[in-house]
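Quantities reported herein were computed from a predicted structural model and do not represent experimental measurements. Order of the sequence lines sets the chain letters (A, B, ...), proteins ahead of strands, with each chain counted from 1.
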Amino acid sequence: MRQLINTQIAGTVELNETSFSWYLWNGELLGDCIAIDTETTLIEDRRRVPELCLISVSDGQRHFVVQPCRLAELLELHLSNGTHLICHNIAFDFPVMDKYLTVCKEAEARNLLWTAVDENRVHDTMLLAVLISLAQNDCDLRPSLESACDEHLGVVLEKDEYRLRFNELKDTAWSDVDVGFFQYAVKDAIATWFLFAVLTHMANEICQKHGVTDEFGFLTESIQVKAAIGLDRITRNGMSIDLDRLKRLRADLESGVSNLVEEIHTIAPDVWRIVTKTGDVAINARTGLPRVNQKALRSYLLGIAERHRLDVLRTGKGEVSLSTKTFWGQHRNLDPLIDLYCEYSGKTKLRSFFAGLNHSRIHPKYETIKRTGRTSCSQPNIQQLPAGSPIREVVVASPGKVLFIIDYSCIELRTLASECHRLFGHSCLRKVLVEGKDPHSYTAAMFADISLDEFEKHSDRKQLRQHAKVFNFGIPAGFGPRSLVDFAKLEYGVDLTVEGAERFIRKLTHDVYPELRIYLSEDTMSILATKLLVAPLELQATWPEPYHLGMLQKIIQGNPYRADGTPYRQTTVDRMWLELHSLCRNPDLLDHITSRNTAAGSPLRYLFESSVSTATGRIRGGVRFTQSKNTPFQGLAADGCKLALWNLTKAGYRVIAFIHDEFVIELPEADHYTEVAADINRICCESMEQFVPGIPVTCEYAVTRRWSKKAEAVYDDAGRLLEWTSPNQK
DNA sequence: CAGGTCCGCCAC
DNA sequence: AAACGTGGCGGACCTG
């Protein structure tokens, strides 16, 4: 030990022709903002946290390598003083440090680390870089440290031979370690520190320019840091799969599928590709399914449609659509082949989920932030498991555990109401929610022209409520009448005419929730005026009619045609270009206007795009109308859920899945779950409520062995929450 | 044959 | 002129 402390472990690294001297850390107090990087053994699998081998730190002035055994001391010295910690990819470094501190029983340091995250003092340059690029152009690529440094610092961090060999440090006295290991590690910490300096400066400017809050870190960085840690923990926790159940489900499905293959073969033999030598149906080796000849299938379907004088749906490329969901499913009775094809397609889709679940434990991976502010999931994507099908029920609680499933009630209506209230100072939807009414029932009662009390007694209330959901969901999302008709039919089985949809849209946005009319109104004029650096009134003088701007949009997209495909008159097009040129006061655009540059990447393409922000302070730059309408309430809900995830994780709950507004948590088996349910419910509601001030937030939950949509809260006579069991299991 | 693109469908 | 947005993934087909 003693020999480690002398100065022989030291050196100099170069970044961008600047030299940085580094030493072995010996207890010095660093500045109030330190970058930290951990080097570990190789990452073997998603369950295990790799072992800590070396730490490097930098406060921009001084740079050190730190032995793992001094991690606790390092954190205690700094974090108790309110120091900020910077990492690049906190989802990696946090669990490494946390695991090390846990194993070494360093409770105090561990507590300081968690508290620092909780108090928004832990940062992540990767997440910050993503948030900045989202604000700039709605791009959500996660940059590596190397590419972020290259882009923002102009520094090239070359990957070298040491990167993957840090396990060698475990059994070697540091005085004998090749200095290259230290050089490599120190560079990363220094680079991270300077990267953070540049990124926070950029983020701060963006926040100022858009006038958004930095209460949750610049561009909600703190929320994303918390989410990243929580999501990583979910991946490591993993989920148990009931392989027997999976097998049985699969066997059922297989027999159904092979019957269908037979039947289709007899009616339409060339739908299946044939192995010429053997004459057998060709099988896709990976899936075990017969190979489909889409050309043949399309011509069969088209033939049937023509015989019945049915206009077929076409794909974007003009091919006959094969979609069962949006087209053929509605014409099943026309011909046995259509029915068989729909059956087959549904069954094979279901079958496709089995591959990813075919392990006794699965460890789905999560991405912390996508464009809307939500997460994504892969390998397998547990966020897209069919909700109503028995396939979800192969996910089970681990031995000795039960699943606690909790999801928010109508959360996006709450965030929408909050947003309207924030923007316009009033919201009828908010009033409904504050009074504790069910917004779907309320809307349904309004449409039926009866009071909520009368509605509750109505015999058709269930169906009417379903009906109302179509509008409560679709209209805020910006659906037009025609989309609403399709949506109602497809998702809710509700028949609606275009006229009916128009009437309902008008009613909801004018009478029931008048704030929605303002919320959904589009101010194309002022977006364009901002880009051209002119007053909206000037534009209005030239282009008084809404369709003028519609034409302009088409023209600058290089697509000067009406919806029916007829081109605009050339004189009209020429006139609009001239008018645009004489109106424009933005020097950066004039040349593009003169040359009529409508190529992809031309700044003219972005003339009608604007930025949108959430109440939490995240920005999406360069978005169009519908995105800008969706983001404020969808993104706000996502942030609330992310904070709840962190608070659940911090409270020690074993979260095993996160499905946007739903958590699956494993709890130890118990006689009843009343108290723990109340605690989890409280954490979820309180986490969200700070984002929707004054609006109550409620959740629904259940305890069950198998993941199922059907599960619901069950109570005994004493009002205690019990485990739910599936009716068909008894 | 690998890789890219299009299409379709699952979730929220 | 009308507008739902995200994301992951599997299968067919095309391309070099």
Side-chain angles (χ1 to χ4, degrees), chain A residues 138 140 273 282 284 286-287 289-298 313-329 342 345-346 348-356 364-367 369-389 391-392 407-408 410-412 473-484 486-487 490-491 505 520 522 524 545-554 557 559 561-564 608 612 620 623-635 637-638 641 657-662 709:
Chain A
D138 203 25
D140 61 10
R273 289 191 184 278
N284 179 325
R286 210 173 52 75
T287 61
L289 288 174
R291 294 186 51 204
V292 174
N293 180 344
Q294 287 193 344
K295 227 182 238 167
L297 178 57
R298 285 198 164 98
L313 183 68
R314 298 276 172 172
T315 69
K317 295 266 167 191
E319 297 280 4
V320 173
S321 169
L322 294 175
S323 172
T324 55
K325 193 176 173 183
T326 58
F327 186 73
W328 295 107
C342 291
S345 144
T348 50
K349 177 65 188 173
L350 212 54
R351 189 182 181 278
S352 72
F353 290 102
F354 285 85
K365 284 203 308 191
Y366 291 83
E367 284 286 326
I369 179 134
K370 291 301 188 181
R371 289 191 284 178
T372 47
R374 301 206 331 183
T375 62
S376 75
C377 178
S378 63
Q379 300 177 32
N381 180 357
I382 210 74
Q383 291 180 331
Q384 58 152 187
L385 234 42
S389 117
I391 188 113
R392 265 198 196 202
D407 63 308
Y408 288 99
C410 312
I411 193 56
E412 289 189 352
F473 178 82
I475 293 170
F479 280 65
R482 239 173 301 157
S483 322
L484 207 56
D486 294 341
F487 172 73
L490 235 47
E491 302 297 326
I505 291 173
L520 291 171
E522 184 183 22
T524 318
E545 301 296 335
Y547 74 84
H548 286 135
L549 295 187
M551 282 174 64
L552 184 62
Q553 275 191 61
K554 290 274 196 184
Q557 282 161 21
N559 179 31
Y561 303 93
R562 290 186 192 84
D564 61 10
F608 289 90
V612 63
R620 284 180 77 179
V623 294
R624 309 298 280 260
F625 174 68
T626 44
Q627 293 169 313
S628 75
K629 295 307 158 193
N630 264 295
T631 304
F633 64 87
Q634 195 175 75
C641 293
F658 178 59
I659 305 95
H660 306 301
D661 66 347
E662 173 184 352
K709 262 275 178 252

Undergrad: Using side-chain heavy atoms (C-beta onward) and a distance below 4.5 Å, is A:Y366 in contact with A:S376?
TA: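 Of all side-chain heavy-atom pairs linking A:S376 with A:Y366, none is under 4.5 Å.
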Undergrad: Is any side-chain heavy atom of A:S389 less than 4.5 Å from a side-chain heavy atom of A:L350?
TA: yes
Undergrad: Roughly how many Å is it from CD in A:Q294 to P in C:dA12, rounded to a whole number?
TA: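 To the nearest whole Å, that distance equals 7 Å.
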Undergrad: Looking for any heavy atom pair under 4.0 Å, which part of the strands does A:T287 touch: base, sugar-phosphate only, or nothing?
TA: sugar-phosphate
Undergrad: Want to settle it: does A:G550 or A:V623 sit nearer the 5' end of DNA chain C, counting the closest nucleotide to each?
TA: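 Comparing both residues, the 5'-ward one is A:G550.
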Undergrad: What's A:G480 touching, base or sugar-phosphate or nothing? Going by heavy atoms closer than 4.0 Å.
TA: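 Result for A:G480 = sugar-phosphate.
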Undergrad: Determine the contact category for A:Y547: base if any of its heavy atoms lies under 4.0 Å from a base atom, sugar-phosphate if only primed atoms, P, OP1 or OP2 are that close, otherwise nothing.
TA: sugar-phosphate
Undergrad: At less than 4.0 Å, is any side-chain N or O atom of A:Q384 found next to OP1 or OP2 of C:dC9? Yes or no.
TA: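 No, outside the criterion.
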Undergrad: Using a cut-off of 4.0 Å on non-hydrogen atoms, how would the nucleic acid contact of A:K709 be classed: base, sugar-phosphate, or nothing?
TA: sugar-phosphate
Undergrad: Could you state the atom-to-atom distance from CZ of A:R374 to P of C:dC4 in whole Å?
TA: 16 Å
Undergrad: How do A:T372 and A:Q553 order along DNA chain C: which one's closest nucleotide is nearer the 5' end?
TA: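 That would be A:Q553.
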Undergrad: For a quick check of understanding: with a heavy-atom distance under 4.0 Å over all strands, which category does A:R624 fall into, base, sugar-phosphate or nothing?
TA: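 Nothing, no nucleic acid heavy atom in range.
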Undergrad: Could you state the OH-P distance from A:Y366 to B:dA11, rounded to the nearest angstrom?
TA: 16 Å
Undergrad: Taking only the side-chain heavy atoms of A:R482 (C-beta and beyond), determine which of C:dC9, C:dA3, C:dG5 contains the nearest atom.
TA: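 Closest nucleotide among those given: C:dA3.
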Undergrad: Under 4.0 Å between any heavy atoms, over every strand shown, what does A:K629 touch: base, sugar-phosphate, or nothing? Just pick one.
TA: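 Touches nothing.
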Undergrad: Categorize A:R273 for me: base, sugar-phosphate, or nothing, with a 4.0 angstrom heavy-atom threshold over every strand shown.
TA: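 Since only primed, P, OP1 and OP2 atoms lie under 4.0 Å of A:R273, the category is sugar-phosphate.
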Undergrad: I want to verify a distance call: between C:dA3, B:dG8, C:dC4, whose nearest atom is closest to the A:T315 side chain?
TA: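 When the side chain of A:T315 is considered, B:dG8 is the closest of C:dA3, B:dG8, C:dC4.
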Undergrad: What's the CG-C1' distance between A:N284 and C:dA12, to the nearest Å?
TA: 10 Å
Undergrad: Using a 4.5 Å cut-off on heavy atoms from C-beta on, say whether the side chain of A:K349 contacts that of A:T324.
TA: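 The answer is no; the side chains never approach within 4.5 Å.
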Undergrad: Could you tell me which residues satisfy salt bridge (charged side-chain N to carboxylate O under 4.0 Å, His left out) with A:K709, sequence neighbours excluded, listed by chain and number?
TA: A:E662
Undergrad: Quick one: is A:T626 getting a side-chain N or O under 4.0 Å of the C:dG5 phosphate, OP1 or OP2?
TA: yes
Undergrad: Looking at the side chain of A:L289, which of C:dG11, C:dC4, C:dG7 is the nearest nucleotide?
TA: C:dG11
Undergrad: Rounding to an integer number of Å, can you tell me how far A:H660 NE2 sits from C:dG5 C1'?
TA: 11 Å
Undergrad: Side chains of A:V623 and A:R371: closer than 4.5 Å at any heavy-atom pair?
TA: no
Undergrad: What's the CG-P distance between A:D140 and C:dT6, to the nearest Å?
TA: 10 Å
Undergrad: Which part of the nucleic acid does A:R392 contact within heavy-atom distance under 4.0 Å: base, sugar-phosphate only, or nothing?
TA: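 Sugar-phosphate, backbone atoms only, no base.
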Undergrad: Between A:R371 (CZ) and B:dC12 (C1'), how many Å, whole number?
TA: 16 Å
Undergrad: Do A:N630 and C:dC4 have a side chain to base donor-acceptor pair shorter than 3.5 Å?
TA: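 Side chain to base: pair present.
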Undergrad: Report the C-alpha distance between A:F625 and A:F608 in whole Å, list the side-chain angles of each, state the deciding distance to 0.1 Å, and finish with yes or no for ring-ring contact (aromatic ring centres under 6.0 Å, His included).
TA: CA-CA 9 Å; A:F625 174 68; A:F608 289 90; over 10 Å; no
Undergrad: What are the residues of residues 318-327 of chain A, sorted by number, that bring a heavy atom to within less than 4.0 Å of DNA chain B?
TA: A:S321, A:L322, A:S323, A:T324, A:K325
Undergrad: Is any side-chain N of the basic residue among A:R374 and A:E412 closer than 4.0 Å to the acidic one's carboxylate O?
TA: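 Result for this pair is yes, salt bridge flagged.
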Undergrad: Relative to the ring of A:F479, is the ring of A:F487 parallel (under 30°), tilted (30 to 60°) or perpendicular (over 60°)?
TA: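 The arrangement is tilted - the two ring planes meet at 30° to 60°.
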Undergrad: Need one value for A:K370: base, sugar-phosphate or nothing, where a base atom within 4.0 Å counts as base even if backbone is also close, heavy atoms only.
TA: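 It contacts sugar-phosphate atoms only.
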Undergrad: On a heavy-atom basis, which atom in A:K325 and which in A:L490 lie closest, and how many Å separate them?
TA: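 Nearest heavy atoms, A:K325 then A:L490: O-CD1, 3.3 Å.
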Undergrad: Counting any heavy atom closer than 4.0 Å, what does A:L385 reach on the DNA or RNA strands: base, sugar-phosphate only, or nothing?
TA: sugar-phosphate
Undergrad: Rounded to the Å, how far apart are A:N381 CG and B:dC10 P?
TA: 13 Å
Undergrad: Under 4.0 angstrom, heavy atoms only, what part of the nucleic acid is A:S483 near: base, sugar-phosphate, or nothing?
TA: sugar-phosphate
